[in-house]
Amino acid sequence: MPEVYILLVDDMPKNLFALEKVLNTLDDVIAIKASSGQEALGLTLQYNFALAILDVQMPEMDGYELANYLLGDPSTCRIPIIFLTAAFADEQHSFKGYERGAVDYIIKPFDQTIFLSKVKVFLELARYRIGLERTVEERTSALLEESNKLRLLLENTPDCIFNLDQEGNIIFINQLGANKAFIGKSVYQFFSQTDIALEKNALHTVFTENKTVEFESNMKLPWHKQSNFYNHRLVPIVRDNITECIQISRDITHLKIADEARLKLVQAEANNQAKSKFLASMSHEIRTPMNAVLGYAQLLRREGTFTTQQREYLDIIDRSGEHLLLLLDSVLDMAKIEAGKMKLIPVKTNLFNLINDLKRMFLLSAKKKGLKLNVSFSEDIPDWLIIDNNKVRQVLINLLGNALKFSDHGKIELRASVVERDRNKITLYIEVEDNGCGIEAEQLSSIFNVFEQAESGAKQIGAGLGLAVSNEFAQLMNGSISVQSELSKGSTFRFEFVAELTEDQPKQEFCQPVIGINLDHNEPPLVLVVEDEVDNLNMMGQMLSSVGFNIRLVTNGRDALSVIKEEDFPSIIILDLRMKDMDGIEVAQHIRELPQSQSIPILMISASPSPLNKELAVKAGINKFLCKPIREQQIFDEIKNLIPVNYVYAENGTTAEVDTRNHSPLNSQMLEALTLSMRLGLLNAIKSGYINVIEDWVTQIESHHSSIGHKLRGFTEKFDYPTLIKLLESTIEQSDDPK
Ligand code: ADP
């Protein structure tokens with residue numbers, strides 16, 4: 001039990017000691033003595049008394065007066081008082097004592113037991129009161145602490161919390177930014193005209209239906225710079241007749257923005273997929289008819305009975321078709337890059353040849369613009385490297401093309417060299433420098449972005465795709481493209497890439513066109529062609545039969561299977577991928593299920609060369625997958641790789657045409673019309689590589705033999721020097737009689 005203090009006041013010390021002695025018999029009681037009213041009042045400042053026992057008759061301040069003081073002071077007014085007197089034992093005095101707030105009145109001499117039991121009762125009451133007070137105190141401070149926490153929470157929450165009445169007037173607002181000026185004002189002032197209706201509706205529902213309401217709207221708080229997007233939650237204050245509600249408005253602008261961004265991303269992803277799908281089907285739609293166009297052009301060329309003009313038309317068909325396919329490829333490249341599906345296809349490549357081919361390709365255009373084009377290689381570049389030759393070529397065509405496009409004087413220099421080399425890998429750089437218009441410093445980085453063009457180059461034709469695509473290619477090759485440029489002085493683009501080193505060097509093949517099959521008394525191989533596009537089917541059939549293959553043409557998988565089941569076994573099957581009823585993969589699966597056709601080679605051709613299709617084709621047991629449009633030479637080569645067949649090739653200059661490279665017709669007999677010195681002159685010029693000397697010879701020949709000269713120009717413009725050399729050499733060797 002906690003100790004309690006009892007105040008004893010008597011002017012007689014002996015009385016005090018006697019009382020103290022009696023009280024000391026009680027546990028946990030400490031008697032504090034005072035011999036005067038003054039002293040007693042002083043002690044009340046130090047102790048929290050549970051009981052006061054006052055002598056009535058005392059000099060200066062008697063017991064009643066002291067009681068008056070005690071009762072008049074809030075800190076002591078609740079102390080129970082027992083008056084103790086010997087002198088005034090009559091009833092009148094005891095009433096006076098009670099009037100002064102005494103709880104008891106004891107006459108001296110008192111019975112000790114009765115006195116102590118009375119004291120005990122008061123002490124119990126006092127203890128109870130003190131305990132109660134303590135509990136109240138503790139509870140009050142806990143409540144204070146709680147309300148303090150709540151206040152801090154309210155002040156620091158980013159949510160805007162209002163206490164509103166039925167009319168939407170603000171009774172309380174938590175935001176530090178809001179000063180008292182907003183109390184009593186309408187909450188509607190924070191809403192736009194359109195959103196006020198939402199707030200009004202919400203308040204109406206809260207007050208009429210006594211339930212929580214939630215809605216989202218914009219709100220402009222005066223202490224914020226702009227209007228934000230909020231989630232509002234209105235909660236009724238639960239009482240019988242609710243007249244207030246709490247509104248918690250949470251700023252969800254960032255969530256809204258993130259949501260919109262996510263939606264846009266999903267939309268963009270869907271668009272991207274739709275675009276890829278569209279491009280893939282467009283690619284198929286273009287490649288399929290192009291296969292027929294280019295294939296028939298090749299067949300026509302075989303006829304060999306055309307006028308020069310007709311041959312030129314064929315050339316145009318070829319060139320335009322190839323151009324269209326190139327265009328298609330670049331559009332697909334962009335789509336692939338954007339979809340992150342661009343992959344490297346590394347092959348053994350002679351970089352020296354690749355760059356020299358490009359030089360030949362650009363030389364004439366450079367010359368036409370009065371520009372010099374120089375190419376140099378450092379000696380430590382290996383002859384053969386494993387690189388994605390098509391992508392390297394595409395990057396260089398873009399860099400050289402730009403150098404040419406953005407220059408009108410000076411020279412273009414291509415320099416190839418080694419950055420570093422280890423056991424398996426080599427890092428190379430190829431720089432293309434021009435003296436053209438240059439690029440402003442601030443635009444140097446943006447020109448690598450898709451569709452970005454620098455001011456200085458804006459007048460030129462272009463889509464702003466080239467550098468973006470090239471840069472992506474360079475990165476795929478673990479490299480980069482950088483640029484240094486000065487306005488009006490010129491630019492240097494540096495293309496760095498990593499290549500794999502290789503030991504063995506593939507031998508270069510130069511193939512003459514196939515003109516027949518060497519049968520050696522055997523039957524010609526039977527080729528089964530399965531293709532639902534009749535034009536393509538016939539074209540393929542004619543191409544094969546023109547050199548002597550037996551053919552069987554069918555337009556669907558079902559017919560193909562019955563040919564295999566019921567007729568002769570084909571030696572090889574050429575199968576289209578996309579067909580209406582049963583696609584090529586399915587047909588191949590059925591073919592492989594038949595015991596008699598498990599080992600017949602299948603060559604699949606498709607205008608949709610996706611990796612997935614190729615993978616499915618391999619799984620279905622297809623031996624080779626070719627992409628449309630198919631070149632004549634390519635199909636003959638692939639057949640030769642799959643079945644034993646000996647072709648008869650056209651010999652140099654002795655057949656009607658040397659046309660695998662799609663040039664104007666020219667044969668060795670025609671060249672014999674030229675003087676030997678003309679032929680030798682042109683041959684030497686070509687071998688020396690001096691373009692202007694070659695040009696001079698062609699012009700000279702044109703002035704004497706316009707038709708032959710014209711044909712020769714067709715070859716030189718295409719830089720098909722190997723064919724010209726072969727033709728010229730064959731006529732020179734045969735010629736005993738110089739003219
Ligand atoms: P395009 O040439 O089709 O516009 P590119 O992506 O190849 O697209 O080039 C982007 C831009 O960079 C060009 O439009 C041009 O402004 C600038 N640029 C590229 N190469 C050169 C160069 N050699 N000299 C000057 N400006 C260049």
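Position 1 is the first residue of the sequence, and the numbers go up from there. Indexing begins at 1, ligand by ligand and atom by atom, following the structure's order.
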Show your working on salt bridge (Lys or Arg N to Asp or Glu O under 4.0 Å) between R415 and E433 and close with a plain yes or no.
CA-CA 8 Å; R415 294 180 290 270; E433 183 177 356; 2.8 Å; yes
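Comparing L444, N402, I447 against atom 17 (C) of ligand 1, the shortest heavy-atom distance belongs to I447.
Taking 4.0 Å as the cut-off between side-chain N and carboxylate O, K640 and D637 do not count as a salt-bridged pair. Between E496 and R494 there is a salt bridge, with a side-chain nitrogen of the basic residue lying less than 4.0 Å from a carboxylate oxygen of the acidic one. Ion pairing of K264 with E260 is absent here, as no side-chain N (NZ or NE/NH1/NH2) approaches a carboxylate O to less than 4.0 Å.
Contacts between V432 and ligand 1, counted as non-hydrogen atom pairs separated by less than 4.0 Å, are absent for every part of the residue. At a 4.0 Å heavy-atom cut-off, ligand 1 touches L467 through backbone and side chain alike. Contact annotation: for L399 versus ligand 1, there are no heavy atoms closer than 4.0 Å.
Remark: side-chain polar atoms of D434 are paired, donor with acceptor, to backbone N or O of S491 under 3.5 angstrom.
Within the listing of ligand 1, atoms 19 (C), 20 (N), 21 (C), 22 (C), 23 (N) sit less than 4.0 angstrom from a heavy atom of F493. Near I439, meaning under 4.0 Å from one of its heavy atoms, ligand 1 places the atoms 18 (N), 25 (C), 26 (N), 27 (C). Of all atoms in ligand 1, listed by their number and element, those nearer than 4.0 Å to a heavy atom of K405 are 1 (P), 2 (O), 3 (O). Close approach of ligand 1 to S491 (heavy-atom distance below 4.0 Å) involves ligand atoms 22 (C), 24 (N), 25 (C).
Using a 4.0 Å heavy-atom cutoff, F448 is absent from the residues neighbouring ligand 1. Put simply, no part of Q443 is less than 4.0 Å from ligand 1, judged by heavy atoms.
Ring to ring, F493 and F495 are not that close: their centroids are 6.0 angstrom or more apart.
Residues L467 and N398 have side chains in contact (heavy-atom distance under 4.5 Å, counting atoms from C-beta outward).
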